[in-house]
Colleague: 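Below you will find the structure I want to go over with you.
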2 protein chains.
Amino acid sequence: MPDIGDLDRAILRAWQTDARRSLRDLAAEVGVSATTVHDRARALRRRGVVRGTSLDLDLAQLGRGVQALIAVRIRPPSRSSIEGFRDWVSDLPETVGVFVTSGRSDFIVHVAVADNDALYAFVIDRLTARAEIADVETSVIYEHRRVPPRLDP
Amino acid sequence: MPDIGDLDRAILRAWQTDARRSLRDLAAEVGVSATTVHDRARALRRRGVVRGTSLDLDLAQLGRGVQALIAVRIRPPSRSSIEGFRDWVSDLPETVGVFVTSGRSDFIVHVAVADNDALYAFVIDRLTARAEIADVETSVIYEHRRVPPRLDP
DNA sequence: CGTGAAAATTTGCGGAT
DNA sequence: ATCCGCAAATTTTCACG
């Protein structure tokens with residue numbers, strides 16, 4: 001588990017602000033050549049440090065103005081139940097994220113739906129159709145901020 | 001609030017799989033010219049449908065192998081308390097996401113730290129230093145999946 | 001890690017439907 | 001209002017030192 005290099009960190013820090021920034025731009029910011037950034041970026045991808053690049057979308061403008069976190073408790077909390085539910089819920093069209101957690105609940109499911117009616121329907125029609133669900137608790141999201149992870153040198 | 005067009009949806013659907021895909025590539029997949037994709041992509045950015053592009057990082061490889069969701073209850077839950085805490089917690093180096101929610105808690109804070117000791121220190125040293133915190137409940141994240149929002153035609 | 005050159009992409013402009 | 005072709009500017013990519 002060798003620590004990641006300082007140059008890689010600097011590249012990621014600059015790259016993180018905009019996944020589409022040009023290598024040339026990144027190179028100028030971190031003070032190396034574009035080729036070096038190219039090589040490092042490729043290596044970071046290959047090693048899986050950079051898993052991919054994604055779009056930050058305004059879901060409200062895409063017809064899904066209501067988001068919620070739904071805490072779910074599964075019974076029994078066995079591997080097969082956990083993995084089965086995880087895979088099933090990941091593929092629902094409403095789901096935008098799934099956390100498998102310790103504590104009061106086994107899952108926190110992050111969903112985005114059209115409106116409150118759709119949220120209610122999701123919880124009482126789709127979720128509770130699964131026999132392994134022991135308990136559900138819904139929290140509406142008023143605001144959600146993603147914070148770019150701070151990468152200190 | 002006019003609904004977004006079918007072409008825009010198709011572009012976003014293709015673009016979403018990799019924010020760095022070339023316009024040419026996207027154009028080939030959706031069946032229009034690269035210029036059109038360019039124009040649409042720019043318009044989507046300008047309108048804020050696409051807020052930005054981000055890197056999907058493996059935080060474990062960056063020395064932050066433990067993630068958690070921390071439910072926080074604030075007293076009083078007034079606008080100034082809520083916004084004050086939100087802004088403060090957003091800027092902590094451990095924070096990678098902040099949800100402002102209804103329900104049992106006012107916030108769900110998503111953090112990534114080096115190890116369990118760092119998590120414990122974060123909760124009992126940093127968080128509870130804020131006078132407005134009434135209650136905290138920590139859930140360790142065993143697994144976290146981000147799901148690209150499904151954009152149906 | 002860098003240089004240099006070739007290949008590919010992005011981007012602005014004008015024009016067609 | 002939408003979409004495309006074209007060509008210049010820029011960026012990515014690779015062989016080599």
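The shown structure was predicted, so the numbers you read here are calculated from the model rather than taken from an experiment. Computation of the quantities below employed the complete heavy-atom set of this structure, encompassing side-chain atoms and omitting hydrogens, waters and symmetry-equivalent molecules. Order of the sequence lines sets the chain letters (A, B, ...), proteins ahead of strands, with each chain counted from 1.
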Colleague: Just compare C/dG12, C/dC1, C/dG4 and give me whichever is closest to any side-chain atom of B/Arg42.
Modeller: C/dG12
Colleague: In terms of side-chain geometry, is the basic nitrogen of A/Arg126 or A/Glu94 positioned less than 4.0 Å from the acidic oxygen of its partner?
Modeller: yes
Colleague: When the distance from CZ of B/Arg24 to P of D/dC6 is rounded to whole Å, what number comes out?
Modeller: 13 Å
Colleague: In Å and rounded to the nearest 0.5 Å, what is the CZ to CZ distance from B/Arg20 to A/Arg20?
Modeller: 7.5 Å
Colleague: By nearest nucleotide on DNA chain C, pick out whichever of B/Asp25 and A/Thr36 is the more 5' one.
Modeller: A/Thr36
Colleague: Grab the CG-C1' distance between A/Asp18 and D/dT11 for me, whole Å please.
Modeller: 14 Å
Colleague: So if I apply the salt bridge (charged side-chain N to carboxylate O under 4.0 Å, His left out) rule between A/Asp8 and each of A/Arg42, A/Arg45, A/Arg40, which one comes out positive?
Modeller: A/Arg40
Colleague: What's A/Leu26 touching, base or sugar-phosphate or nothing? Going by heavy atoms closer than 4.0 Å.
Modeller: nothing
Colleague: Taking atom C1' of D/dT2 as reference, at what distance in whole Å does atom CG of B/Asp8 sit?
Modeller: 11 Å
Colleague: Once you measure the plane-to-plane angle for A/Phe99 and B/His144, does it fall in the parallel (<30°), tilted (30-60°) or perpendicular (>60°) bin?
Modeller: parallel
Colleague: I want to confirm an ordering. Mapping A/Asp39 and A/Arg20 to their closest nucleotides on DNA chain C, which one lands closer to the 5' end?
Modeller: A/Asp39
Colleague: Write down the distance between CH2 (A/Trp15) and C1' (D/dT11), rounded to a whole number of angstrom.
Modeller: 14 Å
Colleague: Among C/dT9, D/dC6, C/dG2, find the nucleotide with the atom closest to the side chain of B/Thr35.
Modeller: D/dC6
Colleague: When the distance from CD1 of B/Ile11 to P of D/dT2 is rounded to whole Å, what number comes out?
Modeller: 12 Å
Colleague: Going hydrophobic residue to hydrophobic residue with side-chain gaps under 4.5 angstrom, can you get from B/Ile108 over to B/Phe85?
Modeller: no
Colleague: Nearest of C/dT10, C/dT9, C/dC1 to any side-chain atom of B/Leu23?
Modeller: C/dT10
Colleague: Regarding B/Ser22, tell me which of base, sugar-phosphate or nothing describes its non-hydrogen contacts under 4.0 Å with the strands shown.
Modeller: sugar-phosphate
Colleague: Side chain of B/Ser33: nearest nucleotide among D/dC4, C/dC1, C/dG2?
Modeller: D/dC4
Colleague: What interatomic distance, in whole Å, is found between P of D/dC16 and the corresponding atom of C/dC1?
Modeller: 22 Å
Colleague: Between C/dT10, D/dC6, D/dC14, which nucleotide gets closest to the side-chain atoms of A/His38?
Modeller: D/dC14
